[in-house]
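To start, the structure under review is shown below, and the notes come after it.
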Protein chains: 2
Amino acid sequence: MAAKANPVPSVWAREQSAPDQPALSRAAIVREAVVMLDADGIEALSMRKLGARLNAGATSLYRHVATKDELMELAVDEVAAEITVPPAGSPWRAAAAEAAESFRATALRHPWLSSTLGQAGLAYLGPNLMSYSERLAALFTAAGFPEPSRAIDTLLSYVIGMSTTEAAWLTTVARSGETEAGFIARLMPAAQQAASGHDHLAEAYADAATRVAVDPVTVRDAKFAYGLEVVLDGLEMRLPR
Amino acid sequence: MAAKANPVPSVWAREQSAPDQPALSRAAIVREAVVMLDADGIEALSMRKLGARLNAGATSLYRHVATKDELMELAVDEVAAEITVPPAGSPWRAAAAEAAESFRATALRHPWLSSTLGQAGLAYLGPNLMSYSERLAALFTAAGFPEPSRAIDTLLSYVIGMSTTEAAWLTTVARSGETEAGFIARLMPAAQQAASGHDHLAEAYADAATRVAVDPVTVRDAKFAYGLEVVLDGLEMRLPR
DNA sequence: CCTTCGATGCGAACACTGTACGCAGCTGCG
DNA sequence: CGCAGCTGCGTACAGTGTTCGCATCGAAGG
């Protein structure tokens, strides 16, 4: 490995020159990548297809983006701008809930976000992610948390975990071409059979099946809300009284 | 490649099936896949390399496994057997904490587990995962939770979210070839620069840097434990008294 | 004993992937 | 005008998952 002056070369250090928009630019590439990711999922994005979508050759993209991983990091930061956090000083609990719900909404709008972010650890340092973290830190500090970063990590872990599995589920459903309720109905026999011999599990599946048949979206919303309240209750206990 | 094109076929030259290794079987394939995943990470596992490791051609594996995705599902279920859950009726809170910690330990032992599981949604129905869910359901039901599956989903979301980012972090560190503290020290300048202008963030980074320089493992353990207590506190409030 | 048959291993091939390299053409500056 | 550097891209390489048809082989059936 070549030793380098800058210890950790970051995408964000290199600034893009021309802010105008000729056909091919980093901004245009990232924007189109997000469109493709949203439409066809993470494994449908290839440099060649992305290039074709931009009326460019595959290898032309490498003039503006060092590698595909870097492109993914840029795409994550692009959509991270959509996550909102109420200003510091807002009533804490409602504000935290709002931030969490905004994260979930963004993650469901871009189903590749959660898993990509989760697999990145803390290595993504894009400006939008940084400003997002900063706003969260400001909110929790103003609320009076003695260890705001701990509280934030807890909330984010819950939100990321729930959003990742939810997004994965929705992706699977979408790929099946069926409606969510229909897909569940088709999956049910296999699930029931796998659960045979496991009493609690079988019962839970049966319950879920009847409830979900009514309105899967509401069920998922309620599930997320339940866990969110649990975490917020736990956090509130850490606030100095 | 240098397959011995033996010019003089002889009964004696032909090596006999050695008993040293079991023939190709689904179990052997999955076992070796887990070994490779643990050693070199998820993107280093290819059907060809796995076949070579088993003294078999790449395509031979397809006699026992339908697809690589199916192989991953089998691998997940294989290591899922390592996660322990205390028997139903154990003191609830300690038992739940124990189950969560066992999950985390398994996820860190097999850093590909969390992300693979998260991306699968609820589609994995292997026997070990089912029995794991069943034991959790039994534990939470016995504890008296009115909606055990909700409580379980909450706890699991937190644990999966935290473990995924932690495993990703450790993978990144391992790939750098440095010690964890050393990697952090090298990453710090970039992080500080990215955080410039974000006051709370910069302070949080500075705090983390000094604390982590002492012992990163303890810091991560404490971080997980904090969030776990938060979630358990929130859950305990849902228990009828 | 010989024959048949299903299961198993595998070499070759296909359609992809990410990316390095070197050559062309354009643009803007001296 | 000349030239330097930026931009696009065709080609190529080393891989990937997976399909297909052929060879082998152990056991079962006559």
Side-chain angles (χ1 to χ4, degrees), chain A residues 1-2 9 11 14-30 32-33 36-37 40-76 112 116 119-120 175, chain B residues 1-6 9-11 13-30 32-33 36-37 40-76 112 116 119-120 175:
Chain A
M1 309 312 166
V11 204
R14 258 184 305 125
E15 194 49 45
Q16 196 71 1
S17 53
D20 61 343
Q21 42 182 0
L24 221 49
S25 73
R26 171 180 287 193
I29 291 172
V30 172
E32 192 64 27
M36 287 189 66
L37 285 167
D40 300 319
I42 202 167
E43 79 282 349
L45 177 72
S46 82
M47 298 303 267
R48 278 176 243 262
K49 285 185 206 153
L50 178 56
R53 195 79 77 103
L54 289 162
N55 292 95
T59 63
S60 307
L61 307 176
Y62 284 90
R63 292 285 173 197
H64 304 87
V65 154
T67 186
K68 195 193 180 185
D69 286 343
E70 181 181 301
L71 173 60
M72 288 304 299
E73 185 173 344
L74 291 166
V76 164
W112 45 275
T116 309
Q119 279 168 59
R175 244 196 297 265
Chain B
M1 43 199 70
K4 33 146 191 144
N6 203 332
S10 159
V11 198
R14 194 179 52 208
E15 48 193 323
Q16 199 50 23
S17 65
D20 55 1
Q21 63 190 358
L24 221 47
S25 74
R26 170 178 287 196
I29 291 172
V30 172
E32 192 64 26
M36 287 189 67
L37 285 167
D40 301 318
I42 202 167
E43 78 283 349
L45 177 71
S46 82
M47 298 303 269
R48 278 177 244 260
K49 286 185 206 154
L50 177 57
R53 193 80 76 105
L54 289 162
N55 291 95
T59 63
S60 307
L61 308 176
Y62 285 91
R63 292 284 173 197
H64 304 89
V65 154
T67 187
K68 196 193 179 184
D69 286 344
E70 181 180 301
L71 173 61
M72 288 305 299
E73 186 172 343
L74 290 167
V76 165
W112 45 276
T116 308
Q119 279 169 58
R175 245 196 296 266

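Hydrogens, waters and symmetry mates are skipped; everything else that's a heavy atom, side chains included, is used. Order of the sequence lines fixes the chain letters, A, B, ..., with proteins taken first and strands second; residue numbering starts at 1 for each chain.
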Quiz item: Is any side-chain N or O of H64(B) closer than 4.0 Å to OP1 or OP2 of dA7(C)?
Solution: no
Exercise. Please state whether the phosphate of dC9(D), meaning OP1 or OP2, lies under 4.0 angstrom from any side-chain nitrogen or oxygen of S60(A).
Key: yes
Self-check item: By side chain to side chain contact (heavy atoms under 4.5 Å, CB included) - contacts of T59(B) (at least two apart)
Solution: none
Exercise. Check side chain to side chain contact (heavy atoms under 4.5 Å, CB included) between A52(B) and all other residues, then give those that pass, not counting sequence neighbours.
Key: none
Below 3.5 Å is the cut-off: list the nitrogen or oxygen pairs between protein and nucleotides 24-27 of chain C, distance only.
none

Quiz item: How far apart are the closest heavy atoms of Y62(A) and T67(A), and which atoms are they?
Solution: CE2-CA, 4.1 Å
Find the distance [X]:[atom1] to [N]:[atom2] and express it as a whole number of Å.
X: L50(A); N: dC9(D); atom1: CG; atom2: P; result: 13 Å
X: L24(A); N: dC9(D); atom1: CG; atom2: P; result: 7 Å
X: N55(B); N: dC10(C); atom1: CG; atom2: C1'; result: 14 Å
X: K49(B); N: dA14(D); atom1: NZ; atom2: P; result: 15 Å
X: D40(B); N: dT16(D); atom1: CG; atom2: C1'; result: 17 Å
X: E43(B); N: dG18(C); atom1: CD; atom2: C1'; result: 13 Å

Self-check item: Residue pairs passing the salt bridge (charged side-chain N to carboxylate O under 4.0 Å, His left out) test where at least one lies in residues 57-76 of chain B, sequence neighbours excluded
Solution: R26(B)-E70(B)
Quiz item: So which pairs with a foot in residues 41-62 of chain A pass salt bridge (charged side-chain N to carboxylate O under 4.0 Å, His left out), sequence neighbours left out?
Solution: E32(A)-R53(A), E43(A)-R175(A)
Considering only heavy atoms from C-beta outward, does the side chain of [X] approach that of [Y] to under 4.5 Å?
X: D40(B); Y: L45(B); value: no
X: Q119(A); Y: Q119(B); value: yes
X: L71(A); Y: L61(A); value: no

Each nucleotide N or O in nucleotides 17-20 of chain D that has a protein N or O under 3.5 Å away: list the pair and distance.
unit_1	atom_1	unit_2	atom_2	d
dG17(D)	OP1	K68(B)	NZ	2.9
dG17(D)	OP2	M47(B)	N	2.9
dG17(D)	N7	R48(B)	NH2	2.6
dG17(D)	O6	R48(B)	NH2	2.7
dT18(D)	OP1	T67(B)	OG1	2.3
dT18(D)	OP2	Y62(B)	OH	2.8
dT18(D)	OP2	T67(B)	OG1	3.4
dT18(D)	OP2	K68(B)	N	2.8

Quiz item: Does H64(B) use its side chain to pair, donor to acceptor, with the backbone of L24(B) at less than 3.5 Å?
Solution: yes
